[in-house]
Structure formats: C-alpha cells, structure tokens
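The structure appears below as structure tokens.
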Amino acid sequence: MSDRERYESRFRTSLARPVEPAIAGGIAAGELPAAHTQLSAAAAIGAVGEALLGPLPPVGERTDPGPVVEGIATLRLRAVVADGT
C-alpha cells in the first residue's frame with residue numbers, strides 16, 4: 001500500500017467512524033434494519049465521496065447544490081434502510 005493509499009484509508013475511516021453510532025442508534029431504536037454498522041458507515045461515506053469528487057461531480061460553479069445534497073441524503077438513507085429484498 002502506498003503512502004497515498006494509507007492516507008486516504010485513514011481519512012475515510014475518520015469520516016465514517018462518527019456515522020457508525022448514528023446507524024447503531026437507528027438499529028437499536030427499530031428505525032433501521034439490522035446491519036453491519038462499520039460497513040454501512042463506510043459505504044455511505046464512500047458513496048458521498050465518489051458522488052461529489054468522482055469523475056462526474058454534479059456540482060459546479062453554476063449548479064444549485066440543494067438538489068445534490070438532497071439526493072445524496074436520500075441515497076444514504078435508502079442504502080442504510082434497505083432490507084436486502
């Protein structure tokens with residue numbers, strides 16, 4: 001693993017870690033189905049990063065970020081609450 005890959009891994013982990021308790025809390029409250037919280041948090045953060053910084057970023061100088069933020073929030077919620085059926 002290169003230095004860059006190690007840095008990116010630590011960076012993504014630092015972003016995902018705070019999301020884990022929110023997912024665990026939702027599971028405990030019965031608002032979310034049982035899930036692997038660490039994996040779910042990593043996937044949610046990864047999706048956001050790819051959507052905003054990947055090769056096709058939807059936000060530019062003349063783009064209203066509101067719908068993009070709303071779309072990402074919807075995607076993350078659907079990814080966490082999906083029951084696998």
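We're numbering straight along the sequence, starting at 1.
Under the 4.5 Å side-chain heavy-atom criterion for Ile, Leu, Val, Met, Phe, Trp and Tyr, L39 and L32 are members of distinct hydrophobic clusters.
Formation of a donor-acceptor pair under 3.5 Å by the T13 side chain with backbone atoms of S9 is found in this model. Counting only distance, with no hydrogens or angles, the side chain of R12 and the backbone of A42 share no donor-acceptor pair below 3.5 Å.
Counting non-hydrogen atoms of neighbouring residues, nucleotides and ligands closer than 6.0 angstrom, the CD atom of E20 exceeds 12 such neighbours. Within a 6.0 Å radius of CD in E70, no more than 12 heavy atoms belonging to other residues, nucleotides or ligands are found.
With rounding to the nearest 0.5 angstrom, the CZ atom of R17 is 12.5 Å from the CD1 atom of I45.
In this structure, I23 and S40 approach most closely via the heavy-atom pair CD1-CB, 3.7 Å.
Here R4 pairs with E8 under the salt bridge (Lys or Arg N to Asp or Glu O under 4.0 Å) rule; sequence neighbours left out.
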